[in-house]
Structures are given as structure tokens and as C-alpha cells.
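A short worksheet on the structure shown next.
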Amino acid sequence: MKFTQSNAPVLEAMNKHLLNRVVPFDVPGHKGGRGTRELTDFLGSSCLRADVNSMKPLDNLCHPVSVIKEAQELAAEAFGAKNAFFIVNGTTGSVQTMIMAACKAGEKLIMPRNVHRSAINALVVNGAVPVYVNPGTNKELGIPLGMSIDDVRQAISDNPDAKAVLINNPTYYGVCSDLKAIVELAHENNMLALVDEAHGTHFYFGEDMPISAMAAGADMAAVSMHKTGGSLTQSSLLLCGENINGDYIRQIINLTQTTSGSYLLISSLDIARKNLALNGREIFRKTVQYAEYARGEINKLGGYYAFGKELCNQDSFYNFDSTKLSVHTRDIGLAGIEVYDILRDEYNIQIEFGDIGNILAIISAGDRALDIERLISALYEIKRIYSKDKAGMFDHEYISPEVIMPPQKAFYSQKLSIPIAESIGKVCGEFVMCYPPGIPILAPGEKITDDILNYISYAKEKGCFMTGTQDINIENINIVV
């Protein structure tokens with residue numbers, strides 16, 4: 001049978017399986033929900049009946065030969081890739097597969113420092129060595145941007161033995177580097193181009209979007225389908241270009257991906273791909289319309305700055321993802337996390353994240369005009385009720401790291417837990433980060449400075465949710481001894 005983008009091979013096989021009324025003497029033990037009535041009542045019987053184990057008619061995610069293979073081939077076609085792999089370990093799994101496939105222990109990877117924790121976690125696991133490119137910064141907003149072409153060129157010149165360059169496309173704030181130029185620069189120097197596209201699924205289907213990784217000629221891209229593509233949380237795609245051996249990538253995926261792949265997640269990837277292939281252009285046209293309307297109305301309120309393409313500089317802020325509603329809040333005297341908390345606690349509005357100077361609302365075609373108006377009205381009320389003088393507020397999100405040793409060496413070194421306030425000048429042996437966005441403030445192997453400790457203290461004071469340290473209260477920190 002010849003499948004087209006109108007098909008969903010996994011979904012079709014699942015429906016056939018359910019109609020057969022197969023008697024289950026395999027896992028999972030809930031037996032279609034009959035053994036866990038409370039869970040079935042909560043999730044619904046259809047969901048529990050679809051939570052099945054790998055079997056011949058449904059294929060096997062670790063070694064797909066039938067319906068999952070066909071679904072992955074349709075995904076590759078839809079995204080313009082040579083190969084596409086379904087990932088059920090989140091885009092963390094996709095990012096780590098890229099890095100582990102490109103670099104071995106001791107080999108160098110050129111990357112921006114404002115990467116997601118998953119990228120540095122991969123270095124801890126496989127022993128590759130980071131060559132950090134400090135992102136550009138916007139001093140007014142205090143946010144990290146993309147990588148400058150000149151900075152990438154210099155990093156390549158200084159490290160001609162590096163195996164790959166990793167690029168964010170876009171950043172959490174919606175900022176894009178000159179992806180095509182960086183990919184070409186990497187290839188000119190015999191390096192792979194890897195793209196963390198966790199927040200860029202829609203680049204493949206929307207109109208007038210920043211260029212996607214596959215269109216730019218990248219070798220691999222980690223695409224978080226669940227963020228803006230409509231699949232279930234934790235489902236992701238790993239896309240590969242023409243020069244990548246897909247069979248080898250499958251082996252790397254299987255080093256860390258579960259052998260019990262969830263058919264709820266797998267089916268959701270198949271269904272979401274079909275929807276994007278057939279309706280993606282209209283979906284993201286509507287998304288942009290909502291976001292642009294909200295941006296304009298919020299900027300009329302005064303005090304806030306919902307930024308956009310007007311900040312593009314043809315380099316470290318090469319392009320902007322117009323679906324992102326990133327709003328600077330410091331001028332009303334409130335940290336982003338404070339606005340985040342007020343929106344949730346006082347107005348029952350849940351946005352994506354707030355940091356010390358900005359908030360991010362994820363907009364999709366699933367939103368309603370009424371929801372957009374409610375957000376705008378709430379921001380107006382927050383400004384009216386809570387605004388204050390901004391004197392004394394921390395004014396930047398990014399602190400350039402001083403790397404003393406590779407992440408893996410630091411993480412597995414002998415360590416000592418000491419009060420975080422006494423750690424200035426020491427080498428950090430673990431992570432410290434606000435989540436979201438999950439970009440480390442400190443990573444293993446980096447020097448702890450007064451500026452970093454001030455940032456951590458300020459972020460805690462403002463209510464940022466901090467993670468990464470062995471000490472759950474973030475009062476002590478592990479240092480390398």
C-alpha cells in the first residue's frame with residue numbers, strides 16, 4: 001500500500017487492533033484499564049485501551065519494520081528530511097542522540113552557552129568537550145540572543161578539530177541566528193551542523209517563518225512536536241539530512257530510549273504529522289495573527305514591551321519567531337516570574353515561563369480570541385495594581401561562563417557540598433538552573449563567581465523555580481575538590 005500524507009499508519013493499525021478485541025496476556029498489567037478503575041475514570045477507557053505493548057501488527061519502536069517505519073517515512077517527507085525518528089523520551093532524547101552521534105569522548109562540540117540542559121547533560125554522559133560561543137545580548141531586554149557569524153567563525157578557526165556545531169533555532173525567546181550561514185560555515189570546515197529546534201516545529205509548515213533546519217541543509221535537528229506541533233507531551237522527532245547514516249542513528253537512539261515505547265505518544269506523533277501536513281499552513285497563519293494582535297495590544301498598554309522583528313540585526317538576532325509572545329516586564333518594576341505568578345494565582349492564566357525580566361506566552365491556533373483578550377486585560381490590571389519603581393532590579397539573564405574543566409570530568413570528580421554563599425571562586429560540580437527555561441546558570445566545570453551567586457540569590461528571592469543541585473533547597477552546592 002502506498003501511503004500519503006492523508007494516512008496515519010500507526011493510528012490505522014491501532015484502530016484495527018482495537019476492533020479485533022484481542023485478549024491481552026501481555027503487559028501493561030492494567031489490561032486495558034480494567035485493573036485500575038480510578039485511572040480509567042480519570043483518563044478514559046479509550047486512552048487505557050490504546051496503552052498497549054509492542055506486538056507484530058503494531059511494529060516495534062526500537063527496530064521498526066512496518067507501520068512505525070511507514071509513519072516515520074511520512075514524517076521525513078513532511079519535514080523535508082532523509083530520515084525521521086519518533087522519540088518518546090522528549091526532545092531531550094533527540095538532542096542527546098544528535099550529540100552522542102556526532103561526538104565521542106574527548107571530541108569538541110561548538111555550541112552556544114544558552115543551550116537547554118539536555119545538551120550539556122549529553123556532554124556529561126558521553127564526555128565530549130564544549131567550545132562555548134557566548135550569544136549576543138540585548139542590553140535593554142537583558143536576554144541572550146543567537147550566535148554571531150563572526151563568533152562562530154572564530155570558534156571554528158580556534159578549534160579546527162571540532163566535530164560539529166550546535167545551533168538553537170529559535171531560542172526560548174524566539175530569537176534566530178543566521179542558521180543557513182552557520183550551517184554552510186560548519187560544512188565548509190568538515191563539521192556537522194546540529195540544530196536544537198525544540199521550539200521550531202512550525203517553521204516547517206508556516207508561511208514567512210524563519211528557515212527550518214532541514215531547509216538550511218543541517219545534518220540533524222531535534223524537533224519538539226509536542227510544543228507547537230500538537231502531539232502529546234514528551235513526544236519528539238529527530239530529523240536527519242542526506243549525509244547521515246540513519247541506521248547508525250537508530251542504534252544511538254536505542255542506547256537511551258525506552259524499549260517500552262508508549263503507543264499513546266507514538267500515535268500522537270503520527271496524527272500530529274498528518275494534521276500539520278494537511279492543515280499546518282492555516283494553523284500557523286491563525287497562530288501568527290493571534291500573536292501579532294496580542295503583541296500590538298500589549299505594547300499599547302505602556303510599560304510592557306512585547307518585542308518582535310523590529311529588533312532583528314542581521315546577525316545574532318537574525319530573525320524572529322512571530323508565534324512567540326515574549327514580553328519584557330522590568331519597566332513596570334516587576335520581574336517576569338512575578339508577573340507569571342500573579343497571572344496564575346490571581347487570574348487563572350498559565351503562561352509558559354517568567355524569568356527575571358520577561359514572560360513568554362505560547363500562542364497556538366488552539367487558543368481563542370477570548371483567551372487572548374483575557375491575557376491582555378490581566379496584564380493591564382497587573383500594571384495598574386502592582387507596578388512600582390524598577391530601581392535595584394537585576395538587568396540581565398545571561399552571564400558568560402568561565403569554563404575550568406569539561407562537564408563530564410567535573411560531574412564525576414570528587415566533590416564537596418558547601419553553603420552556596422561560600423562557594424565564590426570554586427569550580428561547580430553540578431547544575432544550577434531556573435526551570436523553565438532550563439538553561440543552566442551554572443554547569444559542571446564552571447567557576448562560581450560573585451555575579452552568578454547574586455543572580456541565583458535574586459532569582460530565588462523573586463520566586464523562580466530552581467533545579468539541578470543535589471541539595472533540593474539550593475542552599476548548598478557541590479564543588480570540585
Side-chain angles (χ1 to χ4, degrees), residues 110-121 123-124 130-148 151-152 154-155 166 168 171-173 175 177 196 316-317 326 328-330 335-337 353-360 390 392-407 410-411 418-469 474-480:
I110 295 170
M111 61 197 296
R113 177 54 179 76
N114 59 324
V115 289
H116 187 262
R117 63 186 294 179
S118 59
I120 303 179
N121 282 348
L123 305 181
V124 170
V131 175
Y132 289 130
V133 175
N134 285 321
T137 57
N138 181 291
K139 293 182 179 179
E140 288 70 33
L141 302 178
I143 64 169
L145 305 177
M147 294 190 292
S148 162
D151 289 344
V152 175
Q154 187 63 53
L166 175 68
N168 293 324
T171 69
Y172 225 133
Y173 300 97
V175 178
S177 304
D196 181 347
S316 58
F317 200 134
S326 299
H328 187 60
T329 64
R330 193 181 301 115
I337 187 61
F353 84 90
D355 54 33
I356 63 172
N358 305 272
I359 59 172
L360 172 66
K390 67 176 181 178
M393 296 186 70
F394 214 88
D395 65 355
H396 57 282
E397 293 291 341
Y398 178 75
I399 301 171
S400 299
E402 184 177 345
V403 180
I404 306 300
M405 63 178 67
F411 188 84
I418 66 172
I420 196 166
E422 300 173 11
S423 65
I424 294 176
K426 307 298 185 181
V427 177
C428 186
E430 56 187 353
F431 290 93
V432 183
M433 69 200 83
C434 299
Y435 198 89
I439 298 168
I441 302 166
L442 272 171
E446 295 177 359
K447 185 177 180 179
I448 303 170
T449 66
D450 188 56
D451 198 16
I452 288 171
L453 291 190
N454 287 338
Y455 182 103
I456 292 171
S457 176
Y458 184 83
K460 288 172 68 176
E461 175 190 330
K462 292 298 183 182
C464 291
F465 180 66
M466 306 199 76
T467 70
T469 53
I474 326 285
E475 292 173 351
N476 296 295
I477 192 166
N478 282 331
I479 61 165
V480 175

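Computed from a predicted model, the values in this text were never measured in an experiment. For reference, positions follow the sequence shown, starting with 1.
Side-chain atoms of P436 and Y172, non-hydrogen and from C-beta on, do get closer than 4.5 Å to each other. Considering only heavy atoms from C-beta on, I439 stays 4.5 Å or farther from M433 through its side chain. F431 places a side-chain heavy atom less than 4.5 Å from the side chain of V124. Counting only heavy atoms from C-beta outward, the side chains of M111 and V133 never approach each other to under 4.5 Å. Taking 4.5 Å as the limit, every side-chain heavy atom of T137 sits out of range of all side-chain heavy atoms of I143.
Counting only distance, with no hydrogens or angles, the side chain of H396 and the backbone of K139 share no donor-acceptor pair below 3.5 Å. A donor-acceptor pair is defined here as one N or O able to donate and one able to accept, closer than 3.5 Å; such a pair exists between the side chain of S177 and the backbone of M147. For K460 (side chain) and I474 (main-chain N/O), a donor-acceptor pair under 3.5 Å exists by modelled atom type. Listed for the T329 side chain is a donor-acceptor partner under 3.5 Å among the backbone atoms of G336. N168 places no side-chain N or O within 3.5 Å of a backbone atom of P112 that could act as its donor or acceptor partner. Within the 3.5 Å criterion, the main-chain N or O of I420 finds a donor-acceptor partner in the side chain of S423.
Counting non-hydrogen atoms of other residues, nucleotides and ligands closer than 6.0 Å to NZ of K426 gives a total of 12 or fewer.
Closest approach of P440 to V115, counting heavy atoms only: CD-O, 3.4 Å. Nearest heavy atom pair, residue E397 against residue P144, reads CB-CD, 3.9 Å. Heavy-atom minimum distance, P130 versus P407: CD-CD, 3.4 Å. The two atoms that bring P135 and L145 nearest to each other are CB-O, 3.4 Å, heavy atoms only. Contact record, T467 with R117: OG1-NH1, 3.6 Å, taken as the closest heavy-atom pair. Summarising the geometry of M393 relative to R330, their closest heavy-atom pair is SD-CG, 3.6 Å, with the distance given to 0.1 Å.
Considering only residues two or more places apart in sequence or on other chains, N134 meets the side-chain hydrogen bond (donor to acceptor under 3.5 Å, both in side chains) condition with Y398. The side-chain hydrogen bond (donor to acceptor under 3.5 Å, both in side chains) test applied to Q154 returns D158, not counting sequence neighbours.
The side chain to side chain donor-acceptor pair (under 3.5 Å) pairs that include a residue from residues 431-444 number zero, where partners must be two or more places apart or lie in different chains.
Salt bridge present: E446 and R113 bring a charged side-chain N and a carboxylate O closer than 4.0 Å.
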Would I424 and L453 satisfy side chain to side chain contact (heavy atoms under 4.5 Å, CB included), going step by step from the backbone distance to the final call? CA-CA 8 Å; I424 294 176; L453 291 190; 3.3 Å; yes
Assess the residue pair Y173 and D355 against the criterion (side-chain hydrogen bond (donor to acceptor under 3.5 Å, both in side chains)); give the C-alpha distance rounded to whole Å, side-chain angles, the decisive distance to 0.1 Å, and a yes or no. CA-CA 11 Å; Y173 300 97; D355 54 33; 2.3 Å; yes
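Rounding to the nearest 0.5 Å gives a distance of 6.5 Å between OH of Y455 and SG of C464.
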